[in-house]
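Working notes, structure below.
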Amino acid sequence: MILLLGITLLFSVFFGARWGPTVSGVLVFATTLPPMRRTVDKWMVGKVRGEEANQSAIIRMAVGMLIVVLALVGIFG
């Protein structure tokens, strides 16, 4: 969570208050897609397959979409 907040702040500096969190949310959501999912699941839960890996992906998907929606609504800016 601390890393996510730091990356969001960094992107906010580079892209602005609205697009920085949007880019951060898209990147979090992208970790649930096949090219990156195995690596991120291994880092987060220690497994590539299984119920824990699926739950981790679902949580990342929800958090990523929540950040994108909140950023586009304008809550960050």
Transitive ILVMFWY side-chain link [X] to [Y], under 4.5 Å:
X: M44; Y: V28; result: no
X: W19; Y: L10; result: yes
X: V26; Y: M61; result: no
X: V23; Y: M65; result: no
X: I7; Y: F14; result: yes

Quiz item: Which pair of heavy atoms, one from P21 and one from G16, lies closest together, and at what distance?
Solution: CD-O, 4.0 Å

Quiz item: If you look at every heavy atom in T22 and V68, which pair is closest and at what distance?
Solution: O-CG2, 3.7 Å

Practice problem: Could you pull out all residues at least two apart from K47 that satisfy salt bridge (charged side-chain N to carboxylate O under 4.0 Å, His left out)? | Solution: E52

With rounding to the nearest 0.5 angstrom, report the [atom1] to [atom2] distance, [X] to [Y].
X: T8; Y: L27; atom1: OG1; atom2: CG; result: 9.5 Å
X: R49; Y: N54; atom1: CZ; atom2: CG; result: 10.5 Å
X: L70; Y: R18; atom1: CG; atom2: CZ; result: 11.5 Å

Self-check item: Where at least one partner belongs to residues 57-72, residue pairs that pass side chain to side chain donor-acceptor pair (under 3.5 Å), sequence neighbours excluded
Solution: T31-R60, D41-R60, S56-R60

Exercise. Could you tell me which residues satisfy ring-ring contact (aromatic ring centres under 6.0 Å, His included) with F29, sequence neighbours excluded, listed by chain and number?
Key: none

